[in-house]
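This report concerns only the one structure given below.
To find a chain, count down the sequence lines: A is the first, B the second, and so on, and within it residues start at 1.
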2 protein chains.
Amino acid sequence: MDTVATPAEPALRAHVVEVADALFYGRGVQAVGMDDLRSASGVSLKRLYGLFPSKEAIVLEVLRRRHELWTSSLAQAVAAVASPREKLLATYDYLAVWFDDDDFRGCGFINTFGELGATSPAVAAAAREHKASFQSYMASLVDAAGGSADLAAQLAILAEGAQTTAAIAGSGEAAGQARRAAATLIDAAL
Amino acid sequence: MDTVATPAEPALRAHVVEVADALFYGRGVQAVGMDDLRSASGVSLKRLYGLFPSKEAIVLEVLRRRHELWTSSLAQAVAAVASPREKLLATYDYLAVWFDDDDFRGCGFINTFGELGATSPAVAAAAREHKASFQSYMASLVDAAGGSADLAAQLAILAEGAQTTAAIAGSGEAAGQARRAAATLIDAAL
DNA sequence: GACGAGCGAGAACGATCGTTCTCGCCTCCC
DNA sequence: GGGAGGCGAGAACGATCGTTCTCGCTCGTC
């Protein structure tokens, strides 16, 4: 039977992607070599290239995982509160918790887009799809609250701005500022 | 006397920085080699390393120039209108014009921060100072309009969010959405 | 016209990258 | 127990990077 020493291929892929995510997010994609990924994951180069055809494929898989984690965590935070208005504001509370992580370094999609978006169409598309997904999620929440599509776009812009502001300034206070702005916009619109 | 063939050193530096800015902004810093900069600028490698001690020094000079251009262009757009409220909104009109540039690819500071912020403290500091400068400029405009510091932070976050949204989505409509949100926040606060 | 300083073009260099290959060892099956 | 297949460790490879060096030419000066 399988022992710890030989995990099934899907579990190994997941492990590699998780380690790669931490490395890429913390240092930038181009600053992490395949050998760094090998040491950090304990998976040999031969196996890495058996699991993934190239480094870019790993990058895309990392972005896919990050999108899923973000989406489900946000949905969980939204589900924890009751009213449509609270659900809208829950987004910014979720951001506040995230910003206070010690290793918070901004939105991984924005960072990777800035680094590789101009050279890798696949990376640019992944970032675009992630942001479009968030915008349409916000639109569904706003719709449930009786707001317009324009309000949804405005709330999404606030969330984007809070992420880059918190990342570059190195402080999490942008989450509270964005939350107060969102509350003002919501109350003015409804 | 000096002819076209031997421009003075400051003019040559300015030329190199301008060309480097276009290359770095369009493709990302790490995707542009010193040889690309040599071909694009027509300045030999030996001269490049006589003008600047390293590639990173050129990157920092590019960011410094970009900060000055952004700051003075924004001030000019703000000066063109009269009332304090209009001056606040002029920021977003300025963004709208910028977003419609064919080669708009987001905020150069955000992009460079995402690419090199984790590895180069100097780049991270340049991005931080640029954003802090913008925030304090917004704060002075808000103060002149009789608004609070929190309103200033909120308006700055809207501008940040519009930049990344426009960059990744590839469309400039975020400027108008951010402008309408800003108007709502201003009217609610004053 | 001879000479020396300075410059451009590009080779050279050492480092590093993504990717592949080699080799030795371990393990599993008959 | 013996042979074969698969794996890990790391060398190898070709490309590319930032940076420096070499060489030959051009020019200004006496």
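Taking atom OH on B:Tyr49 and atom C1' on C:dC13, their separation rounds to 13 Å, with Å as the unit. Rounded to an integer number of Å, the gap from CE of A:Met34 to P of C:dT20 is 10 Å. Separating the CG atom of A:Asp35 from the P atom of C:dC21 is a distance of 18 Å, rounded to the nearest angstrom. Taking atom CG of A:Asp36 as the reference point, atom P of C:dC17 lies 7 Å away to the nearest angstrom.
Here A:Arg66 contributes atom CZ and A:Cys107 contributes atom SG; the two are 8.0 Å apart, rounded to the nearest 0.5 Å. Atoms CD1 and CD, on B:Ile157 and A:Glu160 in that order, are 12.0 Å from each other to the nearest 0.5 Å. The distance from the CZ atom of B:Phe134 to the OG1 atom of B:Thr91 is 5.5 Å, given to the nearest 0.5 Å.
Using a 4.5 Å cut-off between side-chain heavy atoms of Ile, Leu, Val, Met, Phe, Trp and Tyr, A:Val97 forms no hydrophobic cluster with any other residue. Taking Ile, Leu, Val, Met, Phe, Trp and Tyr as members and joining any whose side-chain heavy atoms lie under 4.5 Å apart, directly or through other members, the hydrophobic cluster of B:Ile168 also contains A:Ile110, A:Phe113, A:Ile168, B:Ile110, B:Phe113.
Taking the charged nitrogens against the carboxylate oxygens, B:Glu61 and B:Arg65 have no contact shorter than 4.0 Å, which rules out a salt bridge.
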Self-check item: Base versus backbone protein contacts along nucleotides 6-11 of chain C [heavy-atom cut-off under 4.0 Å; B, S, -]
Solution: -BBS--
I'd like a table of donor-acceptor pairs (distance under 3.5 Å, sequence neighbours excluded) in which one partner is a side-chain atom from residues 23-36 of chain B, with atom names and distances.
unit_1: B:Tyr25; atom_1: OH; unit_2: B:Arg105; atom_2: N; d: 2.6
unit_1: B:Tyr25; atom_1: OH; unit_2: B:Gly106; atom_2: N; d: 3.2
unit_1: B:Tyr25; atom_1: OH; unit_2: B:Gly106; atom_2: O; d: 2.6
unit_1: B:Asp36; atom_1: OD2; unit_2: B:Gly33; atom_2: N; d: 2.9

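Of the residues in residues 51-62 of chain B, not one comes within less than 4.0 Å of DNA chain C through any heavy atom.
Partners of B:Arg85 by side-chain contact (heavy atoms from CB on, under 4.5 Å), not counting sequence neighbours, listed by chain and number: B:Ser83, B:Leu89, B:Ala183, B:Ile186, B:Asp187.
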